[in-house]
Amino acid sequence: MTTTQPRRAAPSPANESAIRRFRTWWNSLARPQQWLGVLPIVALVYALPILNPPILTTEPTVNFPIAMFECASLVLVAIGLNVVVGQAGLLDLGYVGFFAVGTYVAALFTSKDSMLQKLPYLATLPAAMLVTTIAGLILGLPTLRLRGDYLAIVTLGFGEIVRLLATIVPIFNGQVGLQGVGHPPGTRSDGSPIFNNTDGTPWYWLTVTVIIIILLFVGNLERSRVGRAWVAIREDEDAAQIMGVPTFRFKLWAFAIGAAIGGLSGALVAGQVGFVNNQDFGVNFSVLYLAAVILGGSGNKVGVMVGAFIVAYIPLRFDSLGPKKFLVFGLALIILMIFRPQGILGARQRLLTFGRQAYQRLLGRPEQLSSDSALASDEGGDA
Amino acid sequence: MHPTTLFLADSNSWIGFNVSAFRELFWDNTFDGLTFGAIYSLIAMGYTLVYGVLRLINFAHSEVFISGAYAVFFTLSALGFGGSPPGLSTIAIVGDLILAGVAAMLASGLVAVILERVAYRPLRRRNAPPLVFLITAIGASFTIQYLIEWWRGPNAENAVIMFKPTAIFDVFGTDIDNEQITIFVAAVLLMVVADTFINRTRLGRGIRAVAQDPDTATLMGVNKERVIMLTFLIGGILAGAAALFYVMRVPAGVQYNGGFNLGIKAFAAAVLGGIGNIRGAMLGGLLIGLVGDYGQTLLGLSQWSDIIAFVALVVILMFRPTGILGESLGKARV
C-alpha cells in the first residue's frame, strides 16, 4: 500500500497560520502548563452526559449518556488500534477479534450462564487485557513477518475466525449468548446498583477515566525507545532493520499492546450492555474501527479520538433514519476523505524523547513537520 | 459406525474429525468446491486487477458484485422465472442465461466505473496517501450497500430458479450436474479470455504498463486514467459474470449485504494466489473453494468452511509470503 507520488503543496486555508501559531505556542508550554490547559476540556468531557447539549443530543431515539458511553468505548478502541496502525504502521483489519475476546472474557467470568469460576467484574478488566495480549501474540507470531496487505487479510481472517468460533463453540452460547454480565460494585441509597444497564453515565465516567490512564501510558510509550522503534518501522521497515531495530519484536509489542487496549474496551462494553452474544463482531466493525483511526488522522492520538467520536456518533445521531444512517455514514466518509485526505488532524513527525528540549534550544521554533511520511500527507495539512 | 470415524460432529459436539464422511464425499466436495471456487476466482480477479494498477484493496468490489446479482434477479424476474423451474427448452434457458449475464455484466461494470469516477479519481487528483483510498473504498462499500437496502429493503429477494440441476456425468461414482458444468466451464472460459486480453492485446499491455510503473507508463504515452477505468470495467464485468453464476447456485442469495462475505473470501483468494497476479487469483479462488468444502465435511459444521479457508491462507503465506504465484501483474511477459 505504499506508492510514492510527488506531493503538491495543499491549498492553504485562511486560518492556517492561526492554527500554526497556536500549535507553536502550545508546544512551547511546559508539560504541567499543558495539563492545566487540558483540565477544563476534560471537565467538559466528564460533564457531557449531564449537560446533554441540545444540538449534540441523540435523544429521543437513543439515550444520550448511553450514546456517549458507546462513543467513549469506540474512542478507547481507536486509541488501541492507533498503536498498531498509526504508530507501528501495521494494517490490521481484524481488530474486532480482540474486542470480542475482551467481551467474552468479561462475560465468561461473571455471567450466570457460564460454568467458569466467577470473578468480581473489576478483576475481569485486567484479565481481559491479559487474555487479549496473549491472543495478540498468538496472531502476531506467525503473521507479523508478512507485510502490508498480506497482513491485512490475515488479520481479517483472524477476526472472522474469532466470530465463527464464538458461534460454534458451545461455551460461548452462540446467538443465545451470555446474560447478566457483572458490573463494578456500589449501590445507590435505594439499594439499586450504580452501574446498571440502563444508566450510561457511571459507565461513561469509568470509561473516560480508563481512556485518560491509557492515554498517559500510550503517550509515554510513544516517547520511549519503543515508540521510536515503531515510527522507524512505520516509515521504512528495511531501513529500521538495518539500523539495528529488532523489527519483529517491536511489531509484536505493538500488536500485543493494541490488542490489550481493544480487549479492555470489549470488557467495558460487555459490562455496560450486560449481555454478550456472537452478533456484533463482524468484519464491518473492524472496518469501522480502522475508519475511525484514519478519519481522525492516523498516528495522531487527539485525531483518532476525534475520528472515533465521529464514527460512533454519526450513526447514533441519525438513528431515527433507521438503516439510512449507514448511508449517511458512508457518504460522510467519502466526502471527508476527498476534502481532507490526511485525516481531520494529520500525523506529525516529531523528535520523540528529547524533542521538547531540543526545540526550545532551536530558537523556540515549532516542531518539524514531516514532508515524506507514509501516513502524514502534505505539509500544509499537517499544521 | 465406521472405524475411521474418530468422533462425529452432531448436535452435541462442535468439532468432529469425520474421516469416513470426508472419504465418502470427497468427489462431491471436489466438484462443488471447484464450482464455487470458480465464482471466487472471477471476483478475485477484480480485486487483483485493481490492486495491481492502483495498489488499492477495493473494498467496494463486493458491492459491484452484488449489483450484478440484483441485475440478474431483475432480468430473470422480468423473464418470468420464479421459485420453481419453469421447464423450458435448453435453448430458451441458454438464451435467458446469456441475457441475464449480459445485464449483470453491464450493471456491475457500470457500478465499478461510476465508483472509480466518483470516489477514487478525486483522491488521485489530490495525491492522497494510500490508506485514504482504503477508507474511501470502505465508505463506498457502505454507501452502495445501504442505497440498495433503502431501495429494496433488508430481506433477501425471492428465489429465481432457472432449471433443475440434473446429473449428466458420473465421475468416480459421483454425479456432476449440468449446473456445475455450466458454471465451471463458463467461468474458466471467461478467465482465459480475460487473461488473454491482459497478456496479448494492446489495451492489456497498457494495464500491465501502468501496474508496473504508472509514471513511466504515462511518459511513454499510456493514458493512465483510461487504463484505470478499463481495469475497473474488466473487474466489474467479471464480477457480473460471477453474480450470474452465484444466483444460479444460490437462487435466494440476492440481498443487499450478500456480497460482503463472498467478497472477503474472494479477496483472501486473491492474496492466496499472489495479489496483483491474475493467474494467482484463479488458482487462489479454486483452492479457497476446495479447502472450504473439504474442511466443512471433515470437521462437521458449515462455519468450519471459512475458518479452514483462512487458516490455510495463513499457513500458505507463512511459507510463500507473497502468495503461491507471487505478485506479478506488472512483471508478466510483454
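To find a chain, count down the sequence lines: A is the first, B the second, and so on, and within it residues start at 1.
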Novice: I need the B:Phe267 CZ to A:Leu93 CG distance, nearest 0.5 Å.
Specialist: 7.5 Å
Novice: Please find the pair of heavy atoms, one from A:Ile153 and one from B:Val271, that lie closest to each other, and give the distance.
Specialist: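 Closest pair (atom of A:Ile153, atom of B:Val271, distance): CG2-CG1, 3.4 Å.
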Novice: Taking every heavy-atom pair that is under 4.5 Å apart, which of B:Ala268, B:Pro214, B:Ala270 has the most such pairs with chain A?
Specialist: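 Max contact count across the listed options: B:Ala268.
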Novice: Under a 4.5 Å heavy-atom cut-off, does chain A meet the side chain of B:Val118, its backbone, both or neither?
Specialist: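 It is the backbone, since no side chain atom gets that close.
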Novice: Is chain A contacted by the side chain of B:Ile144, its backbone, both, or neither, given a heavy-atom distance below 4.5 Å?
Specialist: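 Neither; nothing under 4.5 Å.
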Novice: Roughly how far, to the nearest 0.5 Å, is the CD1 atom of A:Ile168 from the CD1 atom of B:Ile307?
Specialist: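 So the gap between those two atoms works out to 4.5 Å.
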Novice: To the nearest 0.5 angstrom, please state how far the CG atom of A:Leu290 sits from the CD1 atom of B:Ile138.
Specialist: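 So the CG of A:Leu290 and the CD1 of B:Ile138 are separated by 5.5 Å.
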Novice: A:Leu288 and B:Phe142: side-chain contact (heavy atoms from CB on, under 4.5 Å), yes or no, with the steps?
Specialist: CA-CA 10 Å; A:Leu288 275 185; B:Phe142 267 84; 4.2 Å; yes
Novice: Under 4.5 Å heavy-atom distance to chain A, tell me which part of B:Leu147 shows up: side chain, backbone, both or neither.
Specialist: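 Backbone plus side chain of B:Leu147, per the 4.5 Å heavy-atom cut-off to chain A.
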Novice: Identify which of B:Gln145, B:Met318, B:Lys265 forms the greatest number of heavy-atom pairs closer than 4.5 Å to chain A.
Specialist: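 Max contact count across the listed options: B:Met318.
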Novice: Atom CG of B:Asp306 and atom CG of A:Leu164: how far apart are they, to the nearest 0.5 Å?
Specialist: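 Output value for this atom pair is 5.5 Å.
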